[in-house]
Amino acid sequence: MPKKKTARIWNREMETMPRARLQKLQLERLKETLERAYTCVPFYRKMLDDARLKPATLKGLADLDRLGFTSKQDLRDHYPFGMLTVPLEQVVRIHASSGTTGKPTVGAYNKNDLAVWAETMARAYTAAGVTKKDIIHNAYGYGLFTGGLGFHLGAEKIGATIVPISGGLSKRQITLMEDFGATVLTCTPSYALVLAETARESGVDFRARMKVRVGIFGAEPWTEEMRQEVQERMNLEAFDVYGLTEIIGPGVSIECPEHNGLHIPEDHFLAQLVDPDTDEPLPDGSTGELILTTLTKQAMPMLRYRTRDRVMLTREKCACGRTMARMSKVQGRTDDMLVVRGVNVFPSQIEQVVLASEGVAPHYLIVLDRPKNELDILEIWTEATPELWGLGQETVQRVETRIGRDLMETLGLSAHVSVLRPNAIQRSEGKAKRVIDKRELVN
Ligand code: DLL
């Protein structure tokens with residue numbers, strides 16, 4: 001009989017730990033986290049007091065269900081540093097992602113937290129079969145976004161060669177990917193398709209000329225169809241990676257070669273599922289909103305964070321040997337946050353810009369599309385006031401350009417703006433449907 005290949009696992013002791021032992025470890029770490037949160041963050045102290053929970057007397061993990069939730073709004077209310085449990089001088093890194101009010105959501109890390117992140121990213125790379133022999137072309141954005149630096153940190157931990165190319169300048173990316181002999185590509189799935197497209201347009205046969213064998217793609221929803229498309233065009237094995245700034249960044253979960261769910265390092269992040277409408281806990285095997293509690297983060301621990309992401313959760317042992325819980329691909333969001341080209345966009349941000357613009361009526365539509373193998377297209381349709389319309393097309397176009405510029409400033413994203421004739425946009429008597437999402441995301 002052919003010998004079964006053993007799966008590569010970065011931290012075998014932790015990642016294959018029997019569940020009973022894992023739960024014991026989780027409880028210990030949870031108590032420490034609650035203690036720290038209770039002592040240092042008034043918001044959490046109130047949350048624990050309201051639930052009549054004392055960190056020291058916590059009996060089991062199930063007690064956690066008694067606690068309320070932490071939401072994005074709570075983080076906004078305590079912007080920027082109200083959730084810190086350490087003095088700012090111990091914070092060694094700050095990341096952020098965009099939020100509804102123009103105020104970003106902050107993630108703060110002390111040295112311990114960066115070590116936790118490096119560990120979870122090392123596990124993620126290893127699950128995808130990446131080793132120190134690999135050359136990683138990291139096209140996630142470097143900056144406040146956690147993608148670039150998160151993947152960077154993990155690559156250094158496993159001792160691989162990282163090329164910190166960041167996003168953009170796609171032609172150059174293709175040249176360097178070939179010249180440096182990249183074996184791993186990390187970026188959003190939509191950018192992977194753009195790179196494939198750029199190679200083709202430049203007359204480069206990606207499949208034949210590139211050595212890339214693994215792609216680690218995430219930060220935005222993507223379908224199985226998209227996976228097939230990328231794998232086919234780039235001749236690589238694509239792995240889905242998930243994460244969010246509030247929890248740590250990328251590395252909250254990753255697929256293994258079984259591709260039957262994304263493993264969550266549960267010794268660092270405790271995963272629960274609730275019904276987003278009733279807030280009631282849901283059993284494994286069902287689909288609901290993913291709720292995450294950090295177990296080892298120090299500077300900014302999160303208790304029962306509402307991710308708004310809909311997933312299915314299972315704790316059955318995986319064929320790869322890992323005992324860690326698996327979540328399905330993200331099946332959608334429970335709120336209205338849109339992820340456009342990997343950037344978080346809230347319709348309310350767009351509304352603010354449109355409504356603040358002179359010459360346009362307060363009616364608008366957000367149209368999202370993803371033409372085959374291209375980046376998401378964001379279109380904003382709005383209406384001219386009769387006065388503006390009367391001034392002629394040239395003036396209307398100037399307004400379109402101005403709104404486009406304002407949106408770029410607010411969202412950091414380019415949008416195609418159309419100012420239509422008065423009354424062109426359908427009115428609604430009930431709830432207005434503001435978003436038309438034509439991207440094929442339902443699996
Ligand atoms: O997107 C972290 C990340 C970077 C993950 C690089 C993976 C790779 P945020 O900008 O805070 O963090 O956005 C988090 O993006 O709540 C999801 O809605 C969405 N998201 C992230 N990964 C996936 C994925 C980073 N694999 C929000 N599939 C999350 C679907 C994803 N949605």
Side-chain angles (χ1 to χ4, degrees), residues 70-72 75-76 94-100 103-109 117 120-121 124-125 127-128 136 138-155 166-167 184-192 215-224 226-227 230 238-255 259 261-264 269 271 276 289-292 300 302 305-312 326-346 370 376 411-413 437 439 441-443:
T70 306
S71 68
K72 214 176 179 84
L75 300 189
R76 222 174 277 143
I94 291 169
H95 280 285
S97 70
S98 58
T100 40
K103 295 278 188 215
T105 306
V106 172
Y109 310 70
W117 200 10
T120 55
M121 284 309 298
Y125 274 125
I136 303 166
N138 185 15
Y140 282 113
Y142 278 67
L144 280 178
F145 176 55
T146 51
L149 284 158
F151 275 87
H152 194 100
L153 198 61
S166 199
V184 177
L185 170 64
T186 52
C187 60
T188 59
S190 50
Y191 194 59
I216 309 181
F217 305 130
E220 64 184 2
W222 55 308
T223 55
E224 282 305 322
M226 182 120 165
R227 188 205 299 268
V230 182
F239 292 81
D240 192 1
V241 65
Y242 166 84
L244 57 164
T245 314
E246 297 86 324
I247 296 301
I248 206 155
V252 173
S253 64
I254 176 91
E255 284 178 343
H259 296 286
L262 289 78
H263 288 281
I264 301 170
F269 312 121
E289 179 179 349
L290 180 67
I291 307 293
L292 292 168
M300 209 174 141
M302 280 292 126
Y305 186 70
R306 295 199 85 129
T307 65
R308 300 284 175 195
D309 292 316
R310 273 179 192 277
V311 302
M312 196 266 276
R326 273 168 293 150
M327 57 179 246
S328 64
K329 250 180 170 322
V330 173
Q331 296 173 6
R333 291 193 47 89
T334 63
D335 65 2
D336 61 353
M337 187 178 91
L338 302 164
V339 184
V340 184
R341 290 173 233 148
V343 178
N344 302 347
V345 178
F346 293 83
R370 180 177 291 163
D376 294 343
L411 311 172
L413 264 183
D437 199 340
R439 300 174 296 178
L441 293 175
V442 193
N443 260 313

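Just so you know, ligand 1 is whichever comes first in the structure, and atom 1 is the first atom listed for that ligand. Fair warning: this is a prediction, and the values are worked out from it, not measured in the lab.
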Hey, what do you get for [atom1] ([X]) to [atom2] ([Y]), rounding to the nearest 0.5 Å?
| X | Y | atom1 | atom2 | result |
| --- | --- | --- | --- | --- |
| D376 | D437 | CG | CG | 8.0 Å |
| M337 | N344 | CE | CG | 3.5 Å |
| S253 | L290 | OG | CG | 8.0 Å |

Heavy atom of the protein closest to [atom] (residue, atom name, distance):
| atom | value |
| --- | --- |
| atom 4 (C) of ligand 1 | F145 CZ, 3.6 Å |
| atom 16 (O) of ligand 1 | D309 OD2, 2.6 Å |
| atom 22 (N) of ligand 1 | A219 N, 3.1 Å |
| atom 5 (C) of ligand 1 | G243 N, 3.6 Å |
| atom 9 (P) of ligand 1 | T245 OG1, 3.5 Å |
| atom 13 (O) of ligand 1 | N344 ND2, 3.6 Å |

Only one of Y125, Y142, F217 clears ring-ring contact (aromatic ring centres under 6.0 Å, His included) with F151; which? Y125
What do we get for [X] next to ligand 1 when only non-hydrogen atoms under 4.0 Å count, side chain, backbone, both or neither?
| X | result |
| --- | --- |
| V330 | side chain |
| V252 | neither |
| E220 | backbone |
| T146 | side chain |
| L262 | neither |
| Y140 | side chain |
| S97 | side chain |

Is it true that Y191 and Y140 have ring centroids separated by less than 6.0 Å? no
Is there a donor-acceptor pair closer than 3.5 Å between any side-chain N or O of E255 and the backbone N or O of D240? yes
Can any side-chain N or O of E246 pair as donor or acceptor with the backbone N or O of Y305 at less than 3.5 Å?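 Side chain of E246 to backbone of Y305: no pair is present.
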Please could you name the atoms of ligand 1 that G147 approaches to less than 4.0 Å, counting only its heavy atoms?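 Ligand 1 atoms under the 4.0 Å threshold to G147: 4 (C), 6 (C).
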Numbering the atoms of ligand 1 from 1, which are under 4.0 Å from a heavy atom of G218? 7 (C), 8 (C), 26 (N)
Evaluating non-hydrogen atoms only, which member of V343, L144, V241 is closest to atom 26 (N) of ligand 1? V241
If you look at every heavy atom in [X] and [Y], which pair is closest and at what distance?
| X | Y | value |
| --- | --- | --- |
| V343 | L411 | CG1-O, 3.8 Å |
| I216 | A128 | CD1-CB, 3.8 Å |
| G249 | Y109 | N-OH, 4.4 Å |

